Amino acid sequence: MHSYMNIKKSARISHDFWEVTTRAGMFDIVAAGLGDGRHRSLADGHEFVNMSSYSYLGLDTHPKIVQAAADAVLAEGSLNTSTSRMRIRFGVLRDAEDALSELFDVEAITVASCAAAAWASLPLIASGLFTDEQPPLMVFDKNAHFCLNAMKPNVADEAPVTTIAHNDLEALEELCRTHPQVAYVADGVYSTGGAAPVAELLRLQEKYGLFLFFDEAHGISTVGERGRGVVLEEMAKAGGINDRTLIITSLNKGFGASGGAIFLGRKGAQQRRDTALRNGGPLMWSQRINTAGLGAVLASAEIHRSPELKELQARLAENVDLFDRLVPTALSGDGLPIRFVDIGAEDATVRLAEGLLKHGYYASPIFFPVIARGKAGLRLMLRANMSSAEITEFAGLLHELRDRHV
Ligand SMILES: *Cc1c(COP(=O)(O)O)cnc(C)c1O
């Protein structure tokens, strides 16, 4: 028992975090959307800018995507086929998967969320169905996302599981030397910042046949040609995705639509597609991206194919640069939009976040157990649709209030 999970213990550890953050008014905010990451609280009418939104390109409120969602559901006259997608699916589901496969040059399957994509794909990899029928040693990066870690008990019933330190290439290579089949489970871009060493991992793949599993929830749209993310951008140098690599992503974040996706391998990998659809749990049931979400996926894919994508990425890069000049952090200059501002003490961090919100900026305080004790701070995400005035004012407030509270 409790080899991988202990919810009662986690609940005890995280209790203070939830309590303190809720009391500070940083949780449970019910708000109306005003566009461009701005909100108005329904409780007191307070308006604020979200400095911790995943919508890196601002696509969540893109008029074309919102319109396409409405049009799709009205055109179909229903949100769902209300039967397994394996049996009957609407044309818009086929079209959305074709569009994603085309856009990223992969074999894409859509699913209700990135978490459901992890649920569907990790046990399949552990089973050995993608590694010559031999269950691989499943190696998790210590910082891999919660939704990947949560699959460990399930994965452990199919294959041996181990966890290594964050981005520890030496430990991983040692395991590759001593085991015939190894699969490495990592985030492409980590939710608290930083990326996987993709080029080095691909070298290990080349040398040992390492199977690579990446969660690109934060990489897709944000980075790379057509928004293909850090992994596919690197893999493009060697001809694109290969059959020793599987990528999952969210379509709820940078992509600005809904749901998640699994990139199974090269476009046209029909056998792998059949294997995944017939054996991958959540893919078979009644959950899928609903018709409105699929309309949004189609519209977002079209934006990703257009010159607008590059413009949005460039605007995001400018905003990240501006922020880095005003607020230097350990991650400055890494080409990604996620920043962690170290504060240290938990109570000072919450008071700082509370002060920022009063002045019109929502910034997520994170602390133990999300990160180590005494290392609390703010997790910030830059967006293409922030004005430089907003970033400048926020940075000024951050310095002023930090001096006051820390
Ligand atoms: C948000 C997130 C997920 C979950 O995505 P959903 O689409 O909300 O299920 C998975 N992985 C990472 C790294 C994330 O940040």
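Just so we're clear, the structure is a prediction, and the values are computed from it rather than from any experiment. In each ligand, atom 1 is the first atom listed, and ligand 1 is the first ligand listed. Below, each value reflects all heavy atoms present in this structure, side chains not excepted, and no hydrogens, waters or symmetry copies.
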>> I'd like to check the side chain to side chain donor-acceptor pair (under 3.5 Å) partners of Glu174; sequence neighbours left out, ordered by chain and number.
In response: Arg177
>> Can you tell me if Glu302 has over 12 outside heavy atoms packed within less than 6.0 Å of its CD?
In response: no
Distances under 3.5 Å, N/O of ligand 1 against N/O of the protein: list each pair and its distance.
unit_1	atom_1	unit_2	atom_2	d
ligand 1	7 (O)	Cys114	N	2.9
ligand 1	7 (O)	Ser250	OG	2.8
ligand 1	7 (O)	Asn252	ND2	2.9
ligand 1	9 (O)	Cys114	N	3.2
ligand 1	9 (O)	Ala115	N	2.9
ligand 1	11 (N)	His145	ND1	3.3
ligand 1	11 (N)	Asp215	OD1	3.3
ligand 1	11 (N)	Asp215	OD2	2.5
ligand 1	15 (O)	His218	NE2	2.5
ligand 1	15 (O)	Lys253	NZ	2.7

>> Test of understanding: with ring-ring contact (aromatic ring centres under 6.0 Å, His included), list the residues that count as partners of Tyr362, not counting sequence neighbours.
In response: none
> How far apart are the C-alpha atoms of Leu202 and Glu206, what are their side-chain angles, what is the distance that settles it, and do they pass the side-chain contact (heavy atoms from CB on, under 4.5 Å) test?
Replying inline: CA-CA 6 Å; Leu202 290 171; Glu206 176 86 23; over 6 Å; no
> Listed by chain and number, what are the ring-ring contact (aromatic ring centres under 6.0 Å, His included) partners of Tyr190, not counting sequence neighbours?
Replying inline: His166
>> Closer than 4.0 angstrom, basic N to acidic O: yes or no for Arg305 and Glu102?
In response: no
